[in-house]
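In what follows, a single structure is set out as structure tokens and then discussed.
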Amino acid sequence: MSIPFSHFASQVQPESAFTVLAVAKELMAAGKQVYELEIGDSPFCSPPQAVEAAVQAIESGQTRYGPSVGLDDFRASAADYVNREFGIEVTPDHLIAGHGAKIFEQLFCETFVNPGESVLVFSPHFPTYPANIERRGGRVCLQPLEERHAFRPQLDSIKEFLDREECPRAVFLNSPHNPTGGVTTLEDLQGIARLLEGTEVSVFSDEPYDQMVWSGRHHTMLEVPGMIDRTVAAYSFSKSFSMSGWRLGFAVSSPAIVARMGMLMNTSLSCVPPFIQEAGVAAMKESILLRDQQMATFRENVTHLVQSLRRVEGVDCSMPGGSFYAFPNVSQICRKNNITSHGLAMYLLEGADDQRGVACLGGECFGDAGQGFLRLSCAESRESLGDAVAFIDEAFGQCEKIATYLDQNPNYRMAESMF
Ligand SMILES: Cc1ncc(COP(=O)(O)O)c(C=O)c1O
């Protein structure tokens, strides 16, 4: 007898990058050479200072439960870090440690969203946002991020959300943006703040790529006076410090919101392991030079990847304002071959060649608004990126192979409404 799953568990969608990663690994295990541009993970080792601090902390017995909001030392170091980076003035009680940035999507929704209340998400969007809103029974309201606006959130979309929805409760922002690379300006943030004044709408500001802004500098909603009282800004060690497997991040908000999230953390994950937090302290204090060198490499790689993609016939690719992703527009190729962009991505991995393949994501992995785009991560060596684009160039030219792949995988055929 099979016991029914909850409605939520029955329809939950995992992050598709992990699904494509699993297919790529399977093909690689079977001997295929795959250029892995599907997952947003740094190719660099974690900072040696962080590794050493973690080992020392384990050896000195920091292996027990700790406070749910985080160790004093971690919170103080993270407060210093954001004050230095963003020119703000927060104290350790504005800080809470978390298991990466992603956990704060859930904690934020648990803190603010009641069943039936509406949450605005700009789309294309990071694929775990809907799951974390729906976990609370919230209503996901999508508004477009468009290439013609450099993938920046538009104030009209927020006005429409506030006017149309019966119970508007929260807005999700993400800058630099995954997958588009769009960067929200300080003026955008100030405009959004003005619109939210006097409402009961809170802001989740997802900022794991804060160190990857390629023109100008990163701006956070925390800079806008008063907004910290309705904003949870989430940061991660995964991208800036190449520590994705450590599962470490933190959020900044008002002390009252932090205390409330601490209680929610207490009822679920208890705390971030203390020795992991010590590694984070060392990274924030001692690995800044290394971090900046690695960010410079990402910037060079993104520029190189974008320039190479622009030379591929049928591909348009704007330079992202931030992040280590390129988000080329391949709609011309999709229309010509009657294939969805995710189908095109899977063709590059599975169908274009028996010996070699490129793993990347179709824009649909980030919602329907991503149709017609691919997302390629530049977290590979320059040489591999060059080889991957040469492979893509050749593969896009082989229309018969695309047609054969589509015959074998008709689910990737473009619906008429997509033309
Ligand atoms: C926009 C966005 N938010 C959150 C995350 C999750 O990051 P973390 O590893 O810190 O949980 C990612 C990771 O790719 C991301 O791109």
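Just so it is clear, the values below take in all heavy atoms, side chains as well, and ignore hydrogens, waters and symmetry mates. Ligands are counted one by one from 1 in listed order, and the atoms in each one are counted from 1 as well.
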Exercise for the section: Evaluate whether atom CD of Glu26 has more than 12 neighbouring non-hydrogen atoms of other residues, nucleotides or ligands under 6.0 angstrom away. Expected result: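 Atom CD in Glu26 is not crowded, with 12 or fewer foreign heavy atoms closer than 6.0 Å.
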
Handout entry: Phe8 atom CZ: more than 12 heavy-atom contacts under 6.0 Å
Key =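 Above 12, so yes.
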
Ligand-protein N/O pairs under 3.5 Å (ligand 1):
from, atom 1, to, atom 2, distance (Å)
ligand 1, 3 (N), Asp206, OD2, 2.6
ligand 1, 9 (O), Ser238, OG, 2.7
ligand 1, 9 (O), Arg247, NH1, 2.9
ligand 1, 10 (O), Ala101, N, 2.7
ligand 1, 10 (O), Ser236, OG, 2.6
ligand 1, 10 (O), Ser238, OG, 3.3
ligand 1, 11 (O), Ala101, N, 3.2
ligand 1, 11 (O), Lys102, N, 3.0
ligand 1, 11 (O), Arg247, NH2, 2.7
ligand 1, 14 (O), Tyr209, OH, 3.3
ligand 1, 14 (O), Lys239, NZ, 2.8
ligand 1, 16 (O), Asn178, ND2, 2.7
ligand 1, 16 (O), Tyr209, OH, 2.6

So which pairs with a foot in [range] pass salt bridge (Lys or Arg N to Asp or Glu O under 4.0 Å), sequence neighbours left out?
range	answer
residues 83-105	Glu15-Lys102, Glu85-Arg291
residues 298-324	Glu300-Arg382
residues 110-124	Glu117-Arg169

Exercise for the section: For the pair Gln277 (side chain) and Leu71 (backbone), establish whether a donor and an acceptor sit closer than 3.5 Å, ignoring hydrogens and angles. Expected result: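 Answer holds: yes.
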
